There are 2 protein chains.
Amino acid sequence: MPDPKRHWRDYLERKGLKTTQQREAIVDAFLRSSGHVALEDLLSSARRKYPRVGLATVYRTVKLLEEAGIAAARHFGPGQTLYEVAEGRAHHDHLICDACGFIIEFESDEIEQLQDSAARRLGFNVLRHRHELFGLCERARGIAGGSCPGLAAGRQPNSGAPPSRRGRV
Amino acid sequence: MPDPKRHWRDYLERKGLKTTQQREAIVDAFLRSSGHVALEDLLSSARRKYPRVGLATVYRTVKLLEEAGIAAARHFGPGQTLYEVAEGRAHHDHLICDACGFIIEFESDEIEQLQDSAARRLGFNVLRHRHELFGLCERARGIAGGSCPGLAAGRQPNSGAPPSRRGRV
DNA sequence: ATCGATGCAAACGATTTGCAAACGT
DNA sequence: ACGTTTGCAAATCGTTTGCATCGAT
């Protein structure tokens, strides 16, 4: 997402929604933010520019930002929801079958977010990572009817070729 | 954790807490459960054994189970909290500073849980894994007053020695 | 002029807590 | 007997919504 602001305007137009001063104030405050933001923070930021905004509008606007794929919610606990700018990350991690050597790529935003926040808490800034899970696929475990995800996709095991399946989890 | 029930009794005694029928009913219902459980589920399960229990008691008991390390909460969204039996895993993952080469060990039950459920969804059974985060510590990023967690703990960077700090995150 | 957006306050659902009574030690 | 635990209801928290009004197109 090279230009989130443009993406936002496009989204509004596509949906037949309107550009209002309070929405702009909230969106600007959000995009200006780095890391996690609480809605209360957005409210006070937005109020500096447009003092009449209410909390409900912030909720409504952030929900739109989520739908537009610009904001991502992180739930840390009951009543502890923070939002962050959804970066166009394309990480993929690996699931490797010990038996057939097959590799499945998978993605998990939740894991990405957790590892980032874990690192941040320890004072670290994560640049890249490696996350590999080793285990056995259904076939290798002898499960009736189970299949190796790689084989199931029509590939031969241990081929060393790129993974045949991508799972979003 | 070979015997959760024993661990639970020990925990109660250590803390000077009491064993009550409703607690037992709730704990049994929880330990009998597999996967994720909602508190409402625990309530109705527990009520089959001890009909007078209230929801507040379930909340209070599950909080104790968390403190005892027996239960783990999963927050799926606002108002969508499920609990699962915490397995006694002792994984530790690594946070590696690109600048000083220092390694911090960290643990995150949440990440463990997520990666396992991700794998499970793809038909895998995870036996072991490697999870390494590469990045920069505060000192390496030139943050005023920031320190490399390794250096802060009194170790020399790039020593190749075991990590000096463990972070539970 | 039309139709969506806003602010406010009330509604809502999940979680917590105050309190007097009941229970385990 | 003592201090903890319980159930209940009320309180609290974050979040959503109804509605009359306002604003953007």
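Residue numbering restarts at 1 for every chain, and letters A, B, ... go by the order of the sequence lines. Source: prediction; values computed, not measured. Side chains are part of it too, since the values below use all heavy atoms of this structure and drop only hydrogens, waters and symmetry mates.
Contact between the side-chain N/O atoms of B:Thr20 and the OP1/OP2 oxygens of D:dT6 is found at a separation under 4.0 Å. Not one side-chain nitrogen or oxygen of A:Thr19 sits closer than 4.0 Å to the OP1 or OP2 atom of D:dA24. For B:Gln21 and D:dT5, the shortest distance from a side-chain N or O to OP1 or OP2 is not below 4.0 Å.
Regarding B:Leu43, its CG atom lies at a distance of 13 Å from the C1' atom of D:dT6, rounded to whole Å. Put simply, CD on B:Glu24 is 15 Å from C1' on D:dT6, counting in whole angstrom units. Regarding A:Gln22, its CD atom lies at a distance of 11 Å from the C1' atom of D:dA24, rounded to whole Å. At whole-Å resolution of the value, OH in A:Tyr50 and C1' in D:dA24 are 11 Å apart.
Here the shortest heavy-atom pairing between B:Leu133 and A:Ala119 reads CD1-CB, 4.2 Å. Between A:Tyr83 and A:Glu66, the shortest heavy-atom distance links the atoms CE2-OE2, 3.6 Å. Between A:Ala46 and A:Ile26, the shortest heavy-atom contact is CB-CG1, 3.8 Å.
At distances below 3.5 Å, at least one donor-acceptor pair connects side-chain atoms of A:Thr61 with backbone N or O atoms of A:Thr57. Judged by distance alone, the side chain of B:His7 and the main-chain N or O of B:Ile70 form no donor-acceptor pair under 3.5 Å. Side-chain N or O atoms of A:Ser45 include none that pairs as donor or acceptor with a backbone N or O of A:Leu42 at under 3.5 Å.
If one axis is set at each end of the helix from C:dA1-D:dT25 to C:dT25-D:dA1 from five pairs, those axes are 30° apart, to 10°.
Interatomic distance, CG of B:Leu39 versus CZ of B:Phe30, reported as 9.5 Å (0.5 Å rounding).
Between B:His131 and B:Phe106, the ring-plane angle classifies as perpendicular under the 30° and 60° cut-offs.
When each of B:Val53 and B:Lys18 is assigned the nucleotide of DNA chain D with its nearest heavy atom, B:Lys18 is the one assigned upstream, toward the 5' end. Nearest-nucleotide mapping onto DNA chain D: of B:Gly16 and B:Thr57, the residue sitting toward the 5' end is B:Gly16.
Protein chain A contacts DNA chain C over a range whose 5' and 3' limits, counting nucleotides with an atom under 4.0 angstrom from a non-hydrogen atom, are C:dC3 to C:dT15.
Nucleic acid contact for B:Lys63: sugar-phosphate only, since backbone atoms but no base atoms lie under 4.0 Å from a heavy atom of the residue. Note on B:Arg60: a base of the nucleic acid sits closer than 4.0 angstrom, heavy atoms only.
For B:Leu17, the side-chain atoms get nearest to D:dT4 when compared with the rest of D:dT6, D:dT4, D:dA9.
Applying the salt bridge (Lys or Arg N to Asp or Glu O under 4.0 Å) rule to pairs touching residues 13-29 of chain B yields B:Lys5-B:Glu24, B:Lys5-B:Asp28, B:Arg9-B:Glu24, B:Asp28-B:Lys49, sequence neighbours excluded.
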